[in-house]
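Below is one structure, written out as structure tokens, with a few remarks after it.
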Amino acid sequence: GGRGTLRLLSRGLKVTATDISQEAIDLVRSKLPPGAPVSLVCAPFQELELKLESYDVVVACYSLFFLPLGEFEAFWSRVVASVRPGGLFAGEFLGVNDSWSDRGLTLLDEPAVRRLFDSFEVLHFEEEDKDGHTSVGDDKHWHVFHVIARKV
């Protein structure tokens with residue numbers, strides 16, 4: 001926990017790190033150097049007000065797909081609005097072949113993922129469709145789109 005936050009800090013960025021889990025927030029806090037320019041927010045996606053701030057970099061690692069599709073669409077609009085022109089987005093989206101397809105998550109096919117980035121220049125687009133494991137070691141079929149894009 002917190003590797004992304006620490007990496008962004010090491011690049012000289014001011015960071016806002018969010019998680020729904022207070023335990024995860026506390027873990028990140030425990031790794032921060034004193035006085036680090038980090039704002040830690042414990043809240044579900046639906047309570048984040050990203051539209052009130054703008055960012056040079058937005059990183060959403062293996063997270064946005066946990067929203068149900070209807071909520072994802074509204075939240076994604078706020079994410080897009082929060083990325084400054086010239087800013088970067090990096091994150092993952094679950095594909096329709098993913099074994100978590102029965103969990104009420106947002107699963108997208110390739111054209112749908114690409115449409116999310118109509119106002120971006122896509123710098124990296126990679127699709128994985130393979131068997132693997134979860135972070136706790138359970139067997140899982142992953143269908144993931146990895147995207148890095150610059151807002152135009």
Side-chain angles (χ1 to χ4, degrees), residues 1-21 24-25 27-28 31-33 36-101 103-135 140-152:
R3 288 189 313 251
T5 297
L6 294 172
R7 166 128 20 235
L8 293 170
L9 278 175
S10 75
R11 302 274 196 254
L13 296 172
K14 178 183 170 192
V15 177
T16 301
T18 67
D19 201 289
I20 194 171
S21 161
I25 293 292
L27 177 62
V28 171
K31 295 179 177 183
L32 294 175
V38 176
S39 173
L40 299 172
V41 179
C42 183
F45 288 117
Q46 298 87 336
E47 293 176 18
L48 296 175
E49 290 297 329
L50 289 176
K51 64 183 177 184
L52 299 179
E53 295 188 48
S54 60
Y55 301 95
D56 292 317
V57 180
V58 172
V59 179
C61 291
Y62 291 89
S63 56
L64 295 176
F65 52 75
F66 284 106
L67 285 163
L69 187 57
E71 293 179 28
F72 170 84
E73 292 166 350
F75 189 74
W76 179 251
S77 295
R78 290 169 36 201
V79 170
V80 170
S82 75
V83 180
R84 290 184 184 123
L88 296 173
F89 171 88
E92 286 77 27
F93 302 87
L94 280 190
V96 294
N97 299 331
D98 198 271
S99 64
W100 285 352
S101 62
R103 295 186 177 197
L105 308 176
T106 293
L107 291 105
L108 304 168
D109 60 16
E110 181 177 345
V113 175
R114 289 192 181 276
R115 278 193 301 276
L116 295 175
F117 293 94
D118 284 347
S119 61
F120 289 77
E121 172 193 2
V122 175
L123 305 174
H124 176 83
F125 192 99
E126 178 184 353
E127 180 180 6
E128 283 186 279
D129 198 350
K130 65 180 186 177
D131 292 332
H133 300 91
T134 65
S135 61
K140 180 180 183 324
H141 184 83
W142 288 99
H143 187 200
V144 180
F145 297 96
H146 306 273
V147 182
I148 301 172
R150 181 180 317 280
K151 191 169 184 187
V152 292

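All heavy atoms count here, side chains included; hydrogens, waters and symmetry mates do not.
Between S21 and C42, the shortest heavy-atom distance links the atoms C-SG, 3.9 Å. When every heavy atom of F75 is checked against every heavy atom of F45, the shortest pair comes out as CE1-O, 3.3 Å. V28 and G2 get closest at one heavy-atom pair: CG2-CA, 3.6 Å.
V58 is listed as a side-chain neighbour of S82, based on a closest heavy-atom distance under 4.5 Å. With contacts defined as side-chain heavy-atom distances shorter than 4.5 Å, the pair L9/L32 qualifies. F120 has its side chain out of reach of V152: every pair of non-hydrogen atoms, C-beta onward, lies at least 4.5 Å apart. The shortest side-chain heavy-atom distance between L64 and T106 does not fall under the 4.5 Å cut-off. Contact of the R11 side chain with the V57 side chain is not registered, since no non-hydrogen atoms from C-beta on lie closer than 4.5 Å.
Separating the OH atom in Y55 from the NZ atom in K14 is a distance of 8.5 Å, to the nearest 0.5 Å. In this structure, CD in E121 is found 9.5 Å from CG in L88, a value given to the nearest 0.5 Å. Once rounded to the nearest 0.5 Å, the distance linking CG of L27 with CG of L40 reads 10.5 Å. The CD atom of E126 sits 9.5 Å away from atom CD1 of I148, with the distance rounded to the nearest 0.5 Å. How far CZ of R3 is from SG of C61: 9.0 Å, rounded to the nearest 0.5 Å.
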Could you list the donor-acceptor pairs under 3.5 angstrom formed between side-chain atoms of residues 89-100 and any protein atom two or more places apart in sequence or on another chain?
{"residue": "E92", "atom": "OE1", "partner": "Y62", "partner atom": "N", "Å": "3.0"}
{"residue": "E92", "atom": "OE2", "partner": "H146", "partner atom": "ND1", "Å": "3.2"}
{"residue": "N97", "atom": "ND2", "partner": "D129", "partner atom": "OD2", "Å": "2.8"}
{"residue": "D98", "atom": "OD1", "partner": "W100", "partner atom": "N", "Å": "2.9"}
{"residue": "D98", "atom": "OD1", "partner": "K140", "partner atom": "NZ", "Å": "2.4"}
{"residue": "D98", "atom": "OD2", "partner": "K140", "partner atom": "NZ", "Å": "2.8"}
{"residue": "D98", "atom": "OD2", "partner": "H143", "partner atom": "N", "Å": "2.9"}
{"residue": "S99", "atom": "OG", "partner": "H141", "partner atom": "N", "Å": "3.1"}
{"residue": "S99", "atom": "OG", "partner": "H141", "partner atom": "O", "Å": "3.3"}

Determine, stepwise, if the pair L108 / F72 fulfils side chain to side chain contact (heavy atoms under 4.5 Å, CB included).
-> CA-CA 11 Å; L108 304 168; F72 170 84; 4.3 Å; yes
Derivation and outcome, side chain to side chain contact (heavy atoms under 4.5 Å, CB included), residues K31 and L6 = CA-CA 8 Å; K31 295 179 177 183; L6 294 172; 4.0 Å; yes
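Distance alone, capped at 3.5 Å, is enough to place a donor-acceptor pair between the K151 side chain and the V80 backbone. Listed for the S54 side chain is no donor-acceptor partner under 3.5 Å among the backbone atoms of V83. Within the 3.5 Å criterion, the main-chain N or O of G86 finds a donor-acceptor partner in the side chain of R150. In this structure a side-chain-to-backbone donor-acceptor pair under 3.5 Å is present from W142 to H133.
In the displayed structure, R7 atom CZ is contacted under 6.0 Å by at most 12 heavy atoms of other residues, nucleotides or ligands.
Classification of the F125-F145 ring pair by plane angle, with boundaries at 30° and 60°, yields tilted.
For the side chain to side chain contact (heavy atoms under 4.5 Å, CB included) test with I25, the passing option among I20, D19, V41 is D19; the others fail.
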